[in-house]
Amino acid sequence: MAGRFGLDDKLRALLASAVSICGVSAAIAAAGAVRARREQLAYTASLVIIFALPSIFVLPWLADVFGLSDAVAGAWIGGNIDTTAAVTAAGAIAGEEALQIASIVKVTQNALMGVVAVALTAYFTLRVERRPGAERPGLRELWTRFPKFVLGFIAASVIATWYLDVAGADGKATIAIVNDLRVWFLILAFVSIGLEVRVASLREAGWRPVAVFASATVFNLALALGLASLLFRTFAA
């Protein structure tokens with residue numbers, strides 16, 4: 001759809017990654033992979049936040065209106081809202097079991113960030129930005145473009161899982177401290193992105209990216225509702 005609207009290839013990659021995986025984090029990974037402009041990242045991050053905030057309240061309400069079970073509601077919430085923090089907030093509104101399912105679905109979805117980063121790096125290096133007649137880029141070029149923080153994401157996940165297995169209940173206090181630091185670093189990251197936002201640049205982008213993001217969000221809502229109802233209808237905690 002973004003292609004039909006004539007959006008820039010890099011902005012298309014950011015919007016698609018954000019709306020399909022985990023919002024701002026996925027957009028940052030995609031931005032590194034495709035070497036997007038900072039204004040494009042700021043624009044995408046703004047759209048993610050604008051759409052995520054009302055979803056915190058709208059999706060639990062719709063789940064109640066549709067009479068969804070806690071498991072289906074949690075899977076629907078976790079698969080649709082584009083930021084992990086907003087998923088947690090919406091899941092808490094929907095109920096404890098819904099929160100647990102939503103968190104697991106979202107974390108599982110977040111794992112796709114590494115796959116998408118690799119795919120976008122290869123696609124833009126080998127196809128989009130490769131000039132006719134130019135030599136095929138080597139592994140060094142792919143490694144240079146690859147967003148390294150994705151490796152940190154994977155490493156942190158593995159280390160935290162291993163530590164909790166070894167330390168048991170005592171390890172939860174340590175992980176809680178690390179989570180507090182994570183929140184502060186995340187706040188600083190959002191502030192930094194905000195400092196890069198230029199209203200003139202956002203105005204130049206126009207309404208087309210908003211239409212694409214909104215349409216993709218509505219499509220995801222319908223598709224994920226069907227999938228959640230199919231896969232989690234008989235789920236028992």
Could you go through Asn80 and Leu225, starting from their C-alpha distance and side-chain angles, then the distance that decides it, and tell me whether this counts as side chain to side chain contact (heavy atoms under 4.5 Å, CB included)?
CA-CA 9 Å; Asn80 275 282; Leu225 178 58; over 6 Å; no
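- Phe232 is not listed as a side-chain neighbour of Ser69, based on a closest heavy-atom distance of 4.5 Å or more.
- Side-chain contact between Cys22 and Met113: present, with at least one pair of heavy atoms (C-beta onward) separated by less than 4.5 Å.
- The two residues Lys106 and Ile81 make their nearest non-hydrogen contact at NZ-O, 2.8 Å.
- Proximity of Asn110 to Ser25: side-chain heavy atoms (C-beta onward) are nowhere separated by under 4.5 Å.
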Please report the C-alpha distance between Trp61 and Phe66 in whole Å, then the side-chain angles of each, then the deciding distance to 0.1 Å, and finally whether the ring-ring contact (aromatic ring centres under 6.0 Å, His included) criterion is met.
CA-CA 9 Å; Trp61 174 71; Phe66 294 155; 8.3 Å; no
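- Under the 3.5 Å distance criterion, the side-chain polar atoms of Arg12 are left unmatched by any main-chain donor or acceptor of Ala2.
- Smallest separation of non-hydrogen atoms from Ser103 and Val87: N-CG1, 4.5 Å.
- Using a distance-only test at 3.5 Å, with no hydrogens or angles considered, no donor-acceptor pair links the side chain of Gln100 to the main chain of Glu97.
- In terms of modelled atom types and a separation under 3.5 Å, the side chain of Asp82 and the main chain of Val24 share no donor-acceptor contact.
- Proximity of Phe235 to Val72: side-chain heavy atoms (C-beta onward) are nowhere separated by under 4.5 Å.
- The closest donor-acceptor contact from the side chain of Lys10 to the backbone of Ala31 lies at 3.5 Å or more, if one exists at all.
- Proximity of a side-chain donor or acceptor of Lys148 to a complementary backbone N or O of Trp143 within less than 3.5 Å is detected.
- Among the candidates Thr121, Leu14, Asp9, the single residue satisfying the side-chain contact (heavy atoms from CB on, under 4.5 Å) test with Val34 is Leu14.
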Show, in sequence, the C-alpha distance, side-chain angles and deciding distance for Leu188 and Trp184, and conclude whether the side chain to side chain contact (heavy atoms under 4.5 Å, CB included) test is met.
CA-CA 6 Å; Leu188 291 174; Trp184 280 106; 5.6 Å; no
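- Residues Ser17 and Ala26 share a closest heavy-atom pair of O-CB, 3.5 Å.
- The side-chain heavy atoms of Leu47 and Val210, taken from C-beta on, include a pair separated by under 4.5 Å.
- Formation of a donor-acceptor pair under 3.5 Å by the Trp76 side chain with backbone atoms of Leu221 is found in this model.
- Residues Pro209 and Leu11 share a closest heavy-atom pair of CG-CD2, 4.0 Å.
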